[in-house]
Amino acid sequence: MLEKAYDPKPVEEARLASWDAAKLSHSEPVAGKKPYTIVIPPPNVTGALHIGHALNNTLQDALIRHHRMLGGESCWVPGCDHGGIATQNVMEKQLKSEGKSRFDLGREAFLERMQAWTRDCKKTILGQLHRLGASLDWEREAFTMDEPRARAVFHAFKTLWERGLIYRGERLVNWCVRCGTALSDIEVEREERKGALYHIHYKNADGGDGIVVATTRPVTMFGDTAVAINPKDDRWKHMVGKKVLIPLIDREIPIIEDSYVDFEFGTGGLKVTPAHDQNDWELGERHQLPAIKAIGPDGKLTEAAGPYAGLSREKAHDAVTADLEAKGYLVKKEDHRSAVQACERCGSVIEPLLSLQWFVKQTELAKEPLRALDAGEFKIYPKNWEKPYRDWLVNIKDWCVSRQIWWGHRIPVWYKEGEKPVVSLDSPGAGWTQDTDVLDTWFSSALWPLSVFGWPEKTRDLDYYYPTSTLVTGYEIMYLWVARMQMMGHAFMGKPAFPVAVMNGIVRDKSGKKMSKSLGNVIDPLVMMDKHGTDALRFALMAQAFPGKDIAFDEQSVVGARNFVNKLWNSTRFVLMNLPETPAVYALSADYLEASDRWILSRYQQVISRAQASLDAYDPAAAAQELYVFLWDEFCAWYIELAKGRLTGPEGAGKDAVRAVLVQVLAGSLKLLHPIMPFVTEELYAAIKPFAGESAEFILKSGYPKLGADWSNPAIEKEMGKVMGAVNAIRSLRSQLNVPPGLKIKAVVDGEVRHHAYLLLLAQLESLEPMSGGRPAQSATAVADGATFHIALAGVIDFAKERERLAKDLAKAEGDIEKRAAKLKNMSAAANAPAEKVAEAKEQHDAALARRDRLKETIAVLS
RNA sequence: GCCCAGUUGGCGCAGUGGUAGCGCGCUCCCUUGACAUGGGAGAGGUCAUAGGUUCAAAUCCUAUACUGGGCACCA
């Protein structure tokens, strides 16, 4: 017999062990069978998983399990991402705490240490996924930097190079001074920061008045190669063609005209620094201006800054502004808010820096993904993400893929004095040296759906599993990852990597703030699992995972889910208690069924299709809620209570019939819940399956629930609705009169109501007789739809109070009638109101009238 | 500046034309043989605002306000 309360820990451990032993989540190509494939968004090896991973992976697991139950060959590929800069930063922090830097170790020793760290980290992460119940195909574990993936990366690089889509060139790139590397455009975040706008006087070289320019960053002036004005700007027109001197260093630069300059901003004079600003770079190109670097890759000023050379950006800023003021160059300083770019990984301010980098041309690669989107070959859920995705592809810029870090795939290009560079995995021979940069981590991530199946080899797996079926990931990496996988998929396989991408939201704290270590509001999924059980965490997340929406996560939701798990446990316990010890099969049959049986079967049938439809629409929250309400409010609260009538009675066909309904509906519900709560459902299924006539070793292999016949029965649902209404009315009356819940009372009924036995059972009635003659003395009245109940309570009833209570009911009823009458009037007057709806409204209106009349009648008798 | 999403009871959220729902919290009652991780009964919302379409609007349209996000930015 089951314990009184569900204890997750032993069940989870035992079930995981049995699933592993049976290799339940392993997949091999099966000829003629269409696979359902998902590749995991590989977590970075930066530490442990957070609650967002729990959401993302539960979502995928639910889809995988669901498809497996539907009979598909499901394959979910696990793995981790080496995580480039993010991971290197973690290691550098570690080193720093030891008082070292990566340069102290040297490249080789550093990479060795990274490998060791990676091994540990992978173990942690995969262990956590396992613990979460993720039915990943563990034999297919991949890593973005393992040998097969390295081959894929090399092949991709080489192919793109040969197609002329990769080039090296000196461009202005986003440079993170702290990380010491270039970044792509989407790895920088923009934020508005408070700053100042400095108006600086540049004197004429020949001694004239000169010009005043406005800038937020005076330090960049050492890289100025011109001052630009708008050709329509009369204030400065006379300056065109003249030369001015950069303050403090007195280097001569020309005044040029360009319509880019906004003469309403600042002073109308724009200092042009091609080496440190994108717009200035473009201006420089137009006017063939030289680019002078004033700031180096280390964030310090260069020789171009004369006396300030060697100072950091920040120190130089202070020194330069102070000197400008002291020497009278500073005309004005005003408060100014400006957009600053920050490194997404470390938050430091990005320096636009001219440097030699590798780029992947994007315009051509974006063509096929765009076509696929427009052709409906690729869909994003929820759909509103499709527009930003399209816009990004349309306006795409070349992708800077080289990073000046050590952790990553080294760029497979070799150089030798006097030779053309060669693309090769290994050294082409003596005297050749390899490029020291590594590739952007997203380069290997972009190949993930291909590389995990052995591409570039034409493997059986690749042929079978590619393209994958669904990608589930957070919307924050739609450009970084989703779009790039599609580009690579089209480029190398001629097909999208997946026809569907499902975007999950961000798990925030309960007040809606993003979780972060510094805020101290991080929720550890492991802690939640330990405290409340894995199924509870999974259910809590799924129940809130509305498509694309962020979740405000409150631990209370897990407690609620834990209670639900326990409810499920106990409902099974109840059913088992009412079954014989020696298993017998209770198959569903139409014989001996009562109204309540037909009612729950009708409801159950609807739930089966709705749960499936919701999951098919990638709406797990709808499925979870549907199942929650069905199980708790309908199966437990009503059906089990009604079943007790027969279960406490004598053995016989009727009792076996109710057992069959209990067993079959419960077993099916467990299957429906399994994708969301795998552990408890497996445990309970094992206990119930002999009675359900099933023999699958695992619930996952038991198939999706189906009903042999069509049990849909709207008439019974309506009929039972009336019974429930009557029960509620009597219960309400009892409660208001403070009748003890256990006390059985006598009642008489005026009007027609069916299923007296149900009323006796659920409303705690001793008897229910049809009213003969008048209303019983000393009684209170409950008015339900179609029937009036009087319960005799000698000595208990305060007539004044009873009248008051009924008057309140009457007021409600009158209000109700008013609304219904207005609606009916509207509809009747309208020519285009559907007849069916009008009839419905009429029926409701008449019922309300009848109810009011019966209330009035009762009140009249009382007074 | 452009675009997208959101605005529903104390809190978190469902609800795409026909009498406002759920979870949590709150109030009262109940340890009745599945479950107090439970049961029963309640209180609590003019569905952001203003217009419009419609017989009928939380739901469709248009504006406005606020919140969040994406994109692009004037140095």
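Lettering of chains follows the sequences in order, A, B, ..., and the numbering in each one begins at 1. Computed from a predicted structure; not experimentally measured.
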Is there side-chain contact between A/Ile200 and A/Pro218, with heavy atoms separated by less than 4.5 Å? yes

Distance to the ring centre below 6.0 angstrom and angle to the axis at most 45 degrees; does that hold for A/Lys644 and A/Phe574? yes

Please confirm whether A/Arg603 makes a cation-pi placement over A/Trp632, using NZ or CZ under 6.0 Å from the six-membered ring centre and within 45° of the ring normal. no

What's A/Val261 touching, base or sugar-phosphate or nothing? Going by heavy atoms closer than 4.0 Å. base

Between B/A5, B/A34, B/G70, which nucleotide has the shortest distance from any of its atoms to the side chain of A/Tyr479? B/G70

Over how many whole Å does the gap from A/Trp392 atom CH2 to B/C71 atom P extend? 10 Å

Is there a donor N/O on one and an acceptor N/O on the other, under 3.5 Å, for the side chain of A/Glu641 and the base of B/A34? yes

A/Met827, nearest nucleotide to its side chain (from B/C4, B/G18, B/G70): B/G18

Phosphate OP1/OP2 of B/G39: any A/Trp632 side-chain N/O under 4.0 Å: yes

Measure from the ring center of A/Tyr329 to the ring center of A/His199 and say whether it is less than 6.0 Å. no

From NZ of A/Lys271 across to C1' of B/A75 the rounded distance in Å is 8 Å

If you check the A/Lys549 side chain, which of B/A75, B/C4, B/C13 turns out closest? B/C13

Go ahead and name the base partner of B/U7; Watson-Crick or wobble counts if both distances stay under 3.5 Å, otherwise write none. B/A65

Provide the distance between the two C1' atoms, one in B/A58 and one in B/G17, to the nearest whole Å. 11 Å

Could you please name the option among B/C55, B/C30, B/A43 that lies closest to any side-chain atom of A/Pro741? B/C30

Quick one, A/Leu627 and A/Ser669 - any side-chain contact, counting heavy atoms below 4.5 Å? no

Once you apply a heavy-atom cut-off of 4.0 Å, does A/Arg562 come out as touching a base, just sugar-phosphate, or nothing? base

Scan A/Asp554 against the nucleic acid and name what it touches under 4.0 Å (heavy atoms): base, sugar-phosphate only, or nothing. nothing

Between CD of A/Gln625 and P of B/G12 the distance, given in whole Å, is 16 Å

Rounded to the nearest angstrom, tell me the gap between atom CG in A/Leu737 and atom P in B/C28. 19 Å

Please classify the nucleic acid contact of A/Met577 as base, sugar-phosphate, or nothing, using heavy-atom distances under 4.0 Å. sugar-phosphate

A/Arg190 side chain: which of B/C73, B/A14, B/A34 is closest? B/C73

Rounded to whole Å, NZ of A/Lys644 lies from C1' of B/C35 at a distance of 9 Å

Relative to the 5' end of RNA chain B, which residue comes earlier, A/Asp277 or A/Lys808, by the nucleotide with the nearest heavy atom? A/Lys808

Do the side chains of A/Arg286 and A/Asp258 get close enough for a salt bridge, i.e. N-O under 4.0 angstrom? yes

Which part of the nucleic acid, if any, lies within reach of A/Ala5 when heavy atoms closer than 4.0 Å are counted: base, sugar-phosphate only, or nothing? base

Please tell me which of A/Phe564 and A/Ala543 maps to the more 5' nucleotide of RNA chain B, matching each residue to the nucleotide holding its nearest heavy atom. A/Ala543

Distance, rounded to the nearest Å, where A/Leu627 contributes CG and B/C22 contributes P: 17 Å

Side chain of A/Lys4 - closest among B/G38, B/C35, B/A34: B/C35

Which nucleotide in the list B/A75, B/A34, B/C55 gets nearest to the side chain of A/Ala214? B/A75

Side-chain N,O (A/Asn563) to OP1/OP2 (B/G38) below 4.0 Å: yes

At 4.0 Å (heavy atoms only), tell me whether A/Lys837 reaches a base, stays on the sugar-phosphate, or touches nothing. base

Whole angstrom value for the distance that separates C1' of B/C11 from CD of A/Gln544: 12 Å

Identify the nucleotide, in any strand shown, that forms a Watson-Crick or G-U wobble pair with B/A20, with both distances under 3.5 Å; if there is none, say none. none

pair_partner(B/A56), Watson-Crick or wobble, both distances < 3.5 Å, evaluates to none

Which is true for A/Ser571 with a 4.0 Å heavy-atom rule: it touches a base, it touches only sugar-phosphate, or it touches nothing? base

With the threshold set at 4.0 Å, does a side-chain nitrogen-carboxylate oxygen contact exist between A/Arg193 and A/Glu191? yes

Taking a pair to mean Watson-Crick or G-U wobble geometry with both distances below 3.5 Å, B/A41 pairs with B/U27

So what does A/Phe546 hit on the nucleic acid, given a heavy-atom distance under 4.0 Å: a base, only sugar-phosphate, or nothing? sugar-phosphate

When we call it a touch if two heavy atoms are under 4.0 Å apart, what does A/Leu576 touch: a base, just sugar-phosphate, or nothing? nothing

B/G33 to B/G39 separation - C1' atoms, rounded to the nearest Å: 14 Å

Separation of B/G38 P from A/Trp569 CH2 (nearest whole Å): 16 Å

Does A/Lys823 have a side-chain nitrogen or oxygen under 4.0 Å from the phosphate oxygens OP1 or OP2 of B/U19? yes

Step-by-step side chain to side chain contact (heavy atoms under 4.5 Å, CB included) determination, A/Met724 to A/Trp638: CA-CA 9 Å; A/Met724 293 172 185; A/Trp638 288 101; 3.7 Å; yes

Is A/Lys825 touching bases, backbone alone, or none of the nucleic acid, heavy atoms closer than 4.0 Å? nothing

Does A/Lys510 pair with A/Glu555 as a salt bridge, N-O distance under 4.0 Å? no

Classify A/Pro382 by what it touches in the nucleic acid, base, sugar-phosphate, or nothing, heavy-atom distance under 4.0 Å. nothing

According to a strict under-4.0 Å criterion, is A/His336 in side-chain N/O contact with OP1 or OP2 of B/A75? yes

Separation between the P atoms of B/A14 and B/G23, rounded to whole Å: 15 Å

Does B/U32 have a Watson-Crick or wobble mate here (both distances under 3.5 Å), and if so which one? none

Is the distance from OP1 or OP2 of B/G42 to the nearest side-chain N or O of A/Ser732 less than 4.0 Å? yes

Quote, to the nearest angstrom, the C1' distance that separates B/C30 from B/C47. 35 Å

Checking N1-N3 plus N6-O4 or O6-N4 for Watson-Crick, or N1-O2 and O6-N3 for wobble, each under 3.5 Å, the partner of B/G1 is B/C71

With a cut-off of less than 4.0 Å, is there a side-chain N or O of A/Asn738 near OP1 or OP2 of B/C28? no

Min side-chain heavy-atom separation A/Ile255-A/Tyr202 under 4.5 Å: no

Less than 3.5 Å between a donor and an acceptor, one on the side chain of A/Lys567 and one on the base of B/C35, is that the case here? yes

Does A/Phe539 reach a base, just sugar-phosphate, or nothing at all? Heavy atoms under 4.0 Å. nothing

